[in-house]
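As structure tokens, the structure follows; a few thoughts come after it.
Bear in mind the structure is a predicted one, so any value in this text is a computation, not a measurement. Numbered from 1 within each chain, the chains take letters A, B, ... in sequence-line order. FYI, side chains are in, hydrogens and waters are out, and symmetry mates aren't considered; it's all heavy atoms of this structure.
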2 protein chains.
Amino acid sequence: MSLTPKGEARRAALLDAVLRVLEREGPGAVTHRSVAREAGVPLAAATYYFDDLDDLYLSALRRATEEQVTLFAGTDMADLRSVAHLIHRWATENRGAALAQYELMFLAMRRDALRADAEAWYGALEHAIDPHGKNPRQTRVRALALDGLLLRILWLGEPSTVDETEKALREIVEETRAAAT
Amino acid sequence: MSLTPKGEARRAALLDAVLRVLEREGPGAVTHRSVAREAGVPLAAATYYFDDLDDLYLSALRRATEEQVTLFAGTDMADLRSVAHLIHRWATENRGAALAQYELMFLAMRRDALRADAEAWYGALEHAIDPHGKNPRQTRVRALALDGLLLRILWLGEPSTVDETEKALREIVEETRAAAT
DNA sequence: GGCTTTCTGGTACATTTGTACCAAAAGGAG
DNA sequence: CTCCTTTTGGTACAAATGTACCAGAAAGCC
């Protein structure tokens, strides 16, 4: 039932491989065989460490999402420059995980078991923007805009540079400043 | 080369069927056979009217996206109540098309041929919010927030009622009011 | 040491897939 | 009607897939 160290490593290698295949060839290309090949392990390993293809795929998506949640939740959004850097890295070097995360959102639509994971992401976004819950309305709007921006970056690749990203962030912050009750 | 009236009808029936299968079972379930069954036509019809499975799938996504683009582009966002109704319908009765539209965004990430379609959607959003280009900065932020809201509705089903949707819209508008240059 | 659990890697198989093919039916044009 | 294009629906097939199976190697524990 428990795993040997080497087993644990193989399991992790398979999860990483899922993200790479997903990033490179899309969700449809994630199969037992492609993942095993990508991870450099025999086919049977992919069925040994995971019940299902579903189990393998979901485990990878979940792990990626959790990483992003802790990453964003632990970030102070006050310094727009560093946030811009974070987002840029997120969309380039870490693109596989970013895709996995939104792929999970997509699946959550149809599968109740994933709702909690999806909500955790939205919560992390709002927490990062306003850790103390000072201005809920403003925070909600900013979170929506930030989410929209992230997807736009992912889908259209635009804004593509750190500078442009910072500018877009600044627009969001500045345009949501005023508004009394 | 040209199509008979009946042929045209069958072609359209297949495109509709794609959206229904996509909505019900997800992108992976869209196959020649499932679509043909859904449309009530023999398998061969799905290969006769479309070069490829790819052609069939993309044609359906494109048609859905174009419909949504004209729908939103032709809407004045001034009356939040009616916009809330529009969005609610979009996410419920018209859910298949909504999904198709964002599925296209997702594919556009990896396929240059779809970029124009994806950008058309973003353009339509901005145009609907501010037809005359009066305040580009505010419009960009509002469009991002609206896009974020639409995805949230699609993915988490929340806000789920027309009233809640209207409230969320109002928040976006009110929180992006001020900001001088 | 032994022994029980974990792991390995290879193979096998039924199912589903995209797509090609084709003989015949239907439809429109002269 | 006759001819020619479009359409039909059935069938076939190679490729890929999820998953089961198993003989044996390796690893951990007494």
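Atom P of nucleotide dT16(C) and atom CD of E25(B) are separated by 13 Å, given to the nearest angstrom. Spacing between atom CZ of R11(A) and atom C1' of dT8(C) amounts to 17 Å, rounded to whole angstrom units. Rounded to an integer number of Å, the gap from D55(A) CG to dT19(D) C1' is 14 Å. When the P atom of dA26(D) is taken as reference, atom CD of E8(A) falls 21 Å away, rounded to whole Å. One atom, OH of Y48(A), and another, C1' of dC7(C), lie 5 Å apart when rounded to the nearest Å. Nucleotide dA25(D) holds its C1' atom 12 Å from the CZ atom of R10(A), rounded to whole Å.
Contact annotation for F50(B): no contact, since no heavy-atom pair falls under 4.0 Å across all strands.
Here the closest non-hydrogen pair linking R110(A) and R24(B) is CD-O, 3.9 Å. Of all non-hydrogen atoms in T65(A) and A100(A), the two that sit nearest each other are OG1-O, 4.5 Å.
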Which atom pairs link the protein and nucleotides 24-29 of chain C when you take only N or O atoms and keep those under 3.5 Å?
none

Atom pairs under 3.5 Å: protein N/O with N/O of nucleotides 17-22 of chain C:
unit_1: dG18(C); atom_1: OP2; unit_2: H32(B); atom_2: N; d: 3.2
unit_1: dG18(C); atom_1: N7; unit_2: R33(B); atom_2: NH1; d: 2.8
unit_1: dG18(C); atom_1: O6; unit_2: R33(B); atom_2: NH2; d: 3.0
unit_1: dT19(C); atom_1: OP1; unit_2: D52(B); atom_2: OD1; d: 3.1
unit_1: dT19(C); atom_1: OP2; unit_2: L53(B); atom_2: N; d: 3.1

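For the pair R63(B) and D16(B), the salt-bridge criterion is met [side-chain N within less than 4.0 Å of a carboxylate O]. Here E38(A) pairs with R20(A) in a salt bridge; the nearest charged N to carboxylate O distance falls below 4.0 Å. Using a 4.0 Å cut-off between charged nitrogen and carboxylate oxygen, E158(B) and R115(A) count as a salt-bridge pair.
In summary, the side chains of Y49(B) and D55(B) do not present any donor paired with an acceptor at a separation below 3.5 Å, with no hydrogens or angles considered.
Contacts of R89(B) classified as side-chain hydrogen bond (donor to acceptor under 3.5 Å, both in side chains), with partners at least two apart in sequence or in another chain: none.
A sub-4.0 Å separation between OP1 or OP2 of dT6(D) and a side-chain N or O of Y49(B) is absent.
Ring orientation note: the planes of W90(B) and F72(B) are nearly perpendicular, at an angle over 60° on the 30°/60° scale.
In this structure, Q138(B) and D130(B) have side chains that are not in contact, with every pair of non-hydrogen atoms separated by 4.5 Å or more.
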